[in-house]
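So the structure is just underneath, and the comments pick up after that.
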Amino acid sequence: LYSPAYLVGRCACRDATLGPYTIPAGTTVLISPWLMHRDPGAWGADAEQFRPSRWSQWQSEAGFGGLLSGLGPNGSYLPFGGGPRNCIGSGFAMME
């Protein structure tokens with residue numbers, strides 16, 4: 001629930017459509033993991049509760065090696081960011 005970064009910024013390299021929004025190339029898009037991790041639309045009414053059992057499905061599908069990849073409904077769990085610019089310490093954090 002508590003991501004080390006409250007906002008993650010990315011620059012759109014090409015024009016894109018995200019739902020009803022058009023994002024022109026060169027636009028900076030800010031993503032808030034803090035809000036995504038608390039979204040009842042993705043996680044249900046108990047979104048703010050610590051419930052380790054909710055991860056069983058994704059861990060059994062991906063195994064430990066893929067534990068931080070594509071987690072949550074539609075990949076909505078991003079504790080260390082995502083893609084090639086994710087947090088350099090994510091592997092260490094998972095080992096701890």
Side-chain angles (χ1 to χ4, degrees):
L1 285 175
Y2 296 97
S3 176
Y6 65 95
L7 282 178
V8 178
R10 294 292 185 264
C11 183
C13 61
R14 62 180 175 269
D15 293 347
T17 302
L18 184 62
Y21 304 101
T22 300
I23 302 168
T27 301
T28 299
V29 178
L30 297 175
I31 301 151
S32 173
W34 194 92
L35 290 174
M36 290 176 66
H37 296 171
R38 288 163 175 74
D39 180 12
W43 299 103
D46 65 346
E48 293 198 37
Q49 293 179 358
F50 178 68
R51 210 169 36 88
S53 61
R54 78 173 83 225
W55 303 107
S56 300
Q57 171 192 351
W58 292 288
Q59 188 171 7
S60 65
E61 290 172 5
F64 182 76
L67 190 56
L68 291 174
S69 175
L71 282 179
N74 296 317
S76 58
Y77 182 64
L78 300 169
F80 300 102
R85 294 194 176 137
N86 67 341
C87 177
I88 194 169
S90 61
F92 178 73
M94 293 308 295
M95 290 213 19
E96 285 291 306

May I have the list of side-chain donor-acceptor pairs in residues 5-16 shorter than 3.5 Å, sequence neighbours left out?
residue : atom : partner : partner atom : Å
Arg10   : NH2  : Arg85   : O            : 3.3
Asp15   : OD1  : Ala25   : N            : 2.7

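In the hydrophobic clustering (ILVMFWY side chains linked at under 4.5 Å, chained through shared members), Tyr21 stands by itself.
Here the shortest heavy-atom pairing between Pro24 and Thr27 reads O-OG1, 2.8 Å.
Atom CE of Met36 and atom CD1 of Ile31 lie 7.0 Å apart (nearest 0.5 Å).
When atom types are taken as modelled, the side chain of Trp43 and the backbone of Gln49 share no donor-acceptor pair closer than 3.5 angstrom.
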